[in-house]
Every structure is written in structure tokens, then in C-alpha cells.
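The structure appears below as C-alpha cells.
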2 protein chains.
Amino acid sequence: MADHKSCDRRAKSGQDLFSAGEPCDAIFNLVEGWAFHYQLLADGRRQILDFALPGAVLGFDGLSGAAMTYGVQALTDAVFCVVPRRALGPLSRRHPGIGLHLASSIARDRDAAFARLTSIGRQSARERVAHLMLELFVRRRSQWPGHRIEEMHLPLTQEHIGDATGLTGVHVNRVLADLKKDGILTFSYRRLVILDPDRLVDVAEADPGLVQSWIQYGVIEQEPGAETLNRGLASTGVDGPRQAQDGCVAPFTEVRRGASGAAHFGRSQAQRSAHPVVRLANQRCAC
Amino acid sequence: MADHKSCDRRAKSGQDLFSAGEPCDAIFNLVEGWAFHYQLLADGRRQILDFALPGAVLGFDGLSGAAMTYGVQALTDAVFCVVPRRALGPLSRRHPGIGLHLASSIARDRDAAFARLTSIGRQSARERVAHLMLELFVRRRSQWPGHRIEEMHLPLTQEHIGDATGLTGVHVNRVLADLKKDGILTFSYRRLVILDPDRLVDVAEADPGLVQSWIQYGVIEQEPGAETLNRGLASTGVDGPRQAQDGCVAPFTEVRRGASGAAHFGRSQAQRSAHPVVRLANQRCAC
DNA sequence: CGAATTTTTGAATAACTTCAACAAACGTGG
DNA sequence: CCACGTTTGTTGAAGTTATTCAAAAATTCG
């Protein structure tokens, strides 16, 4: 797999990793920072499709050489691990697990898109904003297991929230004002405070399974006796997580292994299982 | 691969293939009929996530044994090919192409979900309805290469259109009335007539790349010198399409191979290429 | 500190929903 | 083939939700 080593890439906040319409010959593993998928309409209207946290796989569209249908922009300064698209074929032939693995990762992205579709299509502005804030809160907090803080920095503006929920920034502001008045949450100048988690879950109409999926956004699936599947694509261990401690011999980094983040943040998956954590989040990929 | 043969399954119009919340231990290949993915909110609001035509792969969620986050319902009487989820691991180990293949298929689903997100989130009711009608028209017509008809049967009610576009059925009706008044299209009692394709594309704000992706929804990607990737998962030929004529020795059916469906519906891919069509659409899977 | 960005607020408007009633097409059994 | 019940579609009026435009206040960043 050492053959597939490749360079990494840095992007400044606000900079595009790639844009809609251009072909993308590589896939990227977000190692550090935040990014988002988006699409633009001809007149400039923007839809944010998904927020990506460290561990996300970006840029795989199934059709190599085809133009991307969406763009990816860095929300903060960010670091990506680059894998040439052409390397995937040989790679998956040598390591049969990687294909299913990737499929699994993309399926999770699709499910997230489905969830957002339902939110935007069928929920009120209040529900949508609550939904997104809850999702980002849970996903972000699950990266810092052990922390219980209900206050955190989210690198978004209210305009971003609007573009993600299908609302105008102005209306998002009014909705946030309401949520604050009701003692549910506050969000201003990139600072989110959850005042009443239970009522937030209630307003968001988030069922427990959905919240669980946010928590497990980066957690491994392990097929008994088969290869390891996880979101970030295991650093090494395609035939089992045991090899994962050998260091970075592949372009992918398992970043959020062990992110449990369940309601009360019990011990992480890594602590429960015998398998070691490959690499801490927010740490640069060494390949 | 003969080991992985499995039964097929039939569903009547309106019947659920599986529901949100229940685990799904198999993936399904839609062989005949229409279906759709959907989610329900607690109070009964419904969001239709995607319409599935023959060739679609349904039920793969990446996490075996986990509860599905969405349900799938048959829109017409339908026939599915069933592949136990457990068979995928061994299968992909023996045929390394199949994992990437599946990833590719799911990536296309995700991209479709992204497109719908942008439509629902940022387009007006008129644009959304035009968008969906155009998509379904193009996808359906590409299954019948050679046909130029601009009139077709779509097995949907206006209520379905509403649930897919995030509108009420009543409002969909008004929008359709407008589109008819403007000489763009007609849809009533499951009959769609495209009156002015160019203006429809215009109203839908569909860029050519997107339309192309609808057309190619079931078309093969062929990595030079590598394995074949296509939506339905190739019947046989994991190492190349040449094996595809051996008959149905796998649980998957390549249904829409050769569906070109480009603007003027020239000869199909199958006719152009030397590779035979594995199996006609709308024909039962023999496994 | 000063400039740029982001948030906040108000008033008027537009878009979509809701409720309710009626009409048209479908399909089923006699 | 027709009558009848059911589903689906169509229309109107009123109400709600979210947008637009515009301006001012707050915060951040260099």
C-alpha cells in the first residue's frame, strides 16, 4: 500500500478544494478542520449539502473523470490527505475490503443527505434549525469523548445555517432568537450553547436512531471474521484492525475511531474493544 | 458466485419492501416496477427521498444489522432480486470489483439526493416540480431507447410529487396548472406530456451535466484495464464485460445496460459496443 | 482603533398551506 | 356494460410562514 502514498493538501478558510463542474481525479480524506459540500444555482443561490468533519471522505463520485456535481469548500483552514482516483482500482483488488468499506462510507453520506432532505422538505424553519444545530452539536462533541460541555465553537455563520436548511440568513436569525427566548439554545458569532438538550431533541423531532447515527458517523463496523469497515478508511488494516498501529502506510487516516459520544459519553469504542485507536483526531496525516 | 444465488421477492403496489426502524439483512435489486425511498415524521408528514426504477440497488446502508433509517415502498407491483447482506463480504473478497462497484452505485444515489436537496432547499415550487418531472421523464425514457415519445405513464399521484418536492399536493396541482397554461407540460392521472422540452429544462434550471447523470443513471463505467462498474452490478463480469453473456450466475441483474437515452436516442450502447446486453429490462431475474 | 463582517430588527410583500367543497377519472362487482 | 364507491384531481378563500429590502447595532480581526 506504500505505493499509494500521496501528498496532502491544505486549504484556507473559504477556499474551494474543488468546484462543481470540474473533474476530480482524487479523493480526499479530511484530516483537520471543517469543510462543506455545496451546489450553486445559476443566479447564485447556494445550497449547503453536508458539513464534513475530520475523518470524512470527500470527492468520490463513482465516475472517474466525470465532472463533479458539487463543490467542496473549507470552512476553516483545513488539511486533506490526497489519494489519486486511479489508485483505487488496484488498491481494492489487492485489499478486497476497501471497496465495501468505501461503499459503507458513502452509504452513510447518502443517509445523512436523506435525513436532511426530510428535514428541509417536511419540517418547519424552527424544526430545521434545531435539527441542524443538534446534529452539529452531537457530531462535534462525539469527537471529544469525555467532554460534557454544552457550549462549543462551530465555525459557521447564520448565513451558512440558512444555506444548509433552505432558509434565508435573516429568517434563521429570527428562529434562533425564538429558540433563545424559549431557553433551548443560543447561537451567535459562531458560539453554540445548548440550554435544554431534551427540548432540543424534541423540537428537532430527531429519533434516537438518527442521533445514534450522528454519533457513529465515524465508528467502525466490523463484520465478524471479515475485514474492518470504518469511515475514514483504516490506516492500514484492511484485513483487520490489528495492523492499525503500524503507522501511516496508507493515504487514509482513521481519525475518529473510538468516538462513542453516546448520551453520557461512556467509555469510547476504543476503550471497550481490544483494538487500539489508530490516530487522534485533529492530527496531521503523516503520509 | 452461484453460491450467492437467492430468491426473489414480489411486492404489490403500495406495499413496503421494508420499513424505517427495522434491520435489513439483505440488499435488493429492483428488477421490475417502480419503488420509492421515504421517511415519515412522528405526525405523519412524509418525505419521498428518491424514486427507484428497474436496475436500482436498494437496502444497502453500510451497517449490517442496523435499523434502516428509511423505508422502501412499491409504487407499482414490483419484483426484486434478493441478496443476503452476509453474502457481500465473501463475494467482494472473491470479486474485488464488486465493492467499488457498489460504492459507485451508492455514490450516484447520494449525488441524486444532493441534487434533490438543492432543488427543495433553494428552488421555487415551480422549479421544483419542473425539475422532478424532467428527471423522471429523462430517466424513464432512457429505459426505452429508440422511443421519442414525449408522453408517458408515470405511476405517481400529485400527492407523491408533493411529498417528493416538499410541497402540498394542493400546491403541486396549482403549479402543474400553471405549467400547463404556459405550454410546458401536462400531468394528470399519472399521464405526463412534455409540451416544450427546452423551456422545461430552462424552468428546472437543470444543467446539462445533471441531465446527463439522469440518463446515465444505469450506465456502465469502465475503468481502462480494470473491472467493470455499473449500476445494477454486473451479472457476472467482474473482470470485464466479456463474461457478461454467460447468463445469470450472480444474484444481480444488469438490467439497463445499453440504456443510452441521449438527446435523440440513437442506437443503444449495446448496439454500439461489441458487448451484448445481459438481460432486458422489465424481465424477471432468473436467479 | 478602524474596517469588514456578521447579526439584529422592522415593515411590506410574496409564497405556500390549510380547510373545505366539488368534479373527474378509476376500478370493481353486479 | 353500467352503477356505484373510492381515489385523485381541481378550485376558492383565508391564514400562516418565510422572504425581501433596508438600516442599524454588535462583534471580530488585523
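Naming convention: chains lettered A, B, ... in sequence-line order (proteins, then strands); numbering from 1 in each chain.
A:Thr168 and A:His171 share no donor-acceptor pair across their side chains, judged by distance under 3.5 Å alone.
Here A:Arg10 does not pair with A:Glu32 in a salt bridge; the nearest charged N to carboxylate O distance is not below 4.0 Å. Ion pairing between A:Asp111 and A:Arg116 fails under the 4.0 Å rule for side-chain N and carboxylate O. Salt bridge annotation for B:Asp50-B:Arg110: absent, with no cationic side-chain nitrogen under 4.0 angstrom from a carboxylate oxygen. In summary, A:Arg45 and B:Glu205 engage in a salt bridge, as defined by a charged side-chain N under 4.0 Å from a carboxylate O.
The CZ-P distance, from B:Arg122 to D:dA18, rounds to 13 Å in whole Å. In this structure, A:Glu127 places its CD atom 13 Å from C1' of D:dT17, rounding to the nearest Å. Atom-to-atom, CG of B:Leu167 to C1' of D:dT17 comes out at 14 Å; the value is rounded to the nearest Å. Atom C1' of nucleotide C:dC16 and atom CD1 of B:Ile161 are separated by 17 Å, given to the nearest angstrom. Rounding to whole angstrom units, NE2 of residue B:His171 and P of C:dA14 are separated by 15 Å. In this entry the distance linking CD1 of A:Ile120 with P of D:dA18 reads 13 Å, nearest Å. Taking atom CZ on A:Arg128 and atom P on C:dC16, their separation rounds to 12 Å, with Å as the unit. Atom pair A:Arg191:CZ and D:dT27:C1' shows a separation of 13 Å (rounding to whole Å applied).
Scored by the salt bridge (charged side-chain N to carboxylate O under 4.0 Å, His left out) test, A:Asp202 finds no partners at all (sequence neighbours excluded).
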Contact state string [nucleotides 7-12 of chain C, B base, S sugar-phosphate only, - no protein heavy atom under 4.0 Å]: SBBBB-
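Across all strands, A:Gly14 comes closer than 4.0 Å to no nucleic acid atom at all (heavy-atom distances). Within the 4.0 angstrom heavy-atom criterion, only backbone atoms of the sugar-phosphate kind lie near B:Gly166; the bases stay farther away.
In terms of phosphate contacts, A:Thr168 brings no side-chain nitrogen or oxygen within less than 4.0 Å of OP1 or OP2 of D:dA18.
In this structure the side chain of A:Phe187 never reaches within 4.5 angstrom of the side chain of A:Val193, judged on heavy atoms.
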